[in-house]
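Beneath this line is the structure, given in structure tokens, with notes to follow.
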Amino acid sequence: MLGSDQMDSDKCPWMGKKVAADPQKRMQKGIAMMEKRMASVELENLTAQGLLIDRAHKGSVHSTLIIPPSLSDAHGNWQAGAIATLIDMIASVAIYTETGTARGQVTMDYSISYYSSAKIQEKVEIEAKVIGNKGKLTSVVVEVRKKDGGGLIAVGKMWAASNEFRAPWTQPSRL
């Protein structure tokens with residue numbers, strides 16, 4: 001068995017570098033990589049502003065967010081599109097904690113049910129759980145609740161496929 005400071009042969013999908021054999025360290029490294037990736041994507045960066053990942057275990061992620069004013073609609077409510085983007089992002093992190101695969105995730109089916117709204121500066125909890133993993137297919141359920149009182153805001157369900165697609169121009173030429 002490898003020690004926590006030793007590395008296995010698995011490679012990080014973003015950087016191509018070796019990752020820690022310890023699953024907890026691998027998850028932490030993967031989450032850090034996702035955060036770096038999010039910084040380069042404006043919409044995701046805006047949506048995740050202030051997001052704190054409280055716990056991440058194999059197949060589950062628990063996080064909290066104080067809804068920033070930049071995500072409000074005309075009535076001071078949390079925008080439905082921002083909720084959808086956040087659910088998608090947290091579901092991807094949960095899939096990564098389960099499979100170790102972040103690159104090549106393709107959403108096959110995605111649905112959200114909205115139950116109530118939340119106001120700006122309100123604290124919410126987001127919990128994602130992998131409920132099925134069938135080889136290249138992974139199913140995740142994400143619940144968004146108000147921190148005070150636990151009122152349900154939204155539930156997202158997603159099936160994603162791991163796709164190792166490589167563009168033809170990255171293949172060596174046959175000539």
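For the pair P69/Q121, a side-chain contact is recorded, criterion being any heavy-atom separation below 4.5 Å from C-beta on.
With rounding to the nearest 0.5 angstrom, the NZ atom of K134 is 7.0 Å from the CH2 atom of W159. Here L52 contributes atom CG and S63 contributes atom OG; the two are 8.5 Å apart, rounded to the nearest 0.5 Å. Taken from OG1 in T85 to CD1 in I87, the straight-line distance is 9.5 Å, to the nearest 0.5 Å. Rounded to the nearest 0.5 Å, atoms CG (L65) and CD (E125) are 11.5 Å apart. Distance check, rounded to the nearest 0.5 Å: CD1 of I67 to NZ of K123 gives 12.0 Å. Summarising the geometry, atom CD belonging to E122 is positioned 8.0 Å from atom OG belonging to S117; distances are rounded to the nearest 0.5 Å.
Considering all non-hydrogen atoms of both residues, V140 and V130 come closest at CG2-CG2, 4.1 Å. Taking all atoms of both residues into account, the shortest heavy-atom contact from T97 to H57 is OG1-O, 3.2 Å. Of all heavy-atom pairs spanning E98 and G59, the tightest one is OE1-CA, 3.4 Å. Annotation for A91 and M158: closest pair CB-CE, 3.6 Å, computed over non-hydrogen atoms. Residues I120 and P68 come closest through the heavy atom pair CD1-O, 3.5 Å.
If you chain together hydrophobic residues whose side chains sit under 4.5 Å apart, L51 and I83 fall into the same group. Hydrophobic clustering of Ile, Leu, Val, Met, Phe, Trp and Tyr side chains at less than 4.5 Å, counting indirect connections, unites L152 with I131. I112 and V142 fall within the same hydrophobic cluster, where Ile, Leu, Val, Met, Phe, Trp and Tyr residues are linked whenever their side-chain heavy atoms come under 4.5 Å apart, directly or through other members.
Counting only distance, with no hydrogens or angles, the side chain of Y114 and the backbone of A80 share a donor-acceptor pair below 3.5 Å. For the pair Y110 (side chain) and A84 (backbone), a donor-acceptor distance under 3.5 Å is present. Distance alone, capped at 3.5 Å, places no donor-acceptor pair between the T64 side chain and the V124 backbone. Judged by distance alone, with hydrogens and angles left aside, the side-chain atoms of K129 form no donor-acceptor pair with the main-chain N or O of V61 at under 3.5 Å.
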Stepwise side-chain contact (heavy atoms from CB on, under 4.5 Å) test for Y96 and T138: CA-CA 10 Å; Y96 180 76; T138 306; over 6 Å; no
Using the rule given for side-chain contact (heavy atoms from CB on, under 4.5 Å), can you reason through Y115 versus I153, listing the C-alpha separation, both sets of side-chain angles and the distance that settles it, and then say yes or no? CA-CA 5 Å; Y115 297 97; I153 296 170; over 6 Å; no
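Within a 6.0 Å sphere centred on NZ of K146, heavy atoms belonging to other residues, nucleotides or ligands number more than 12.
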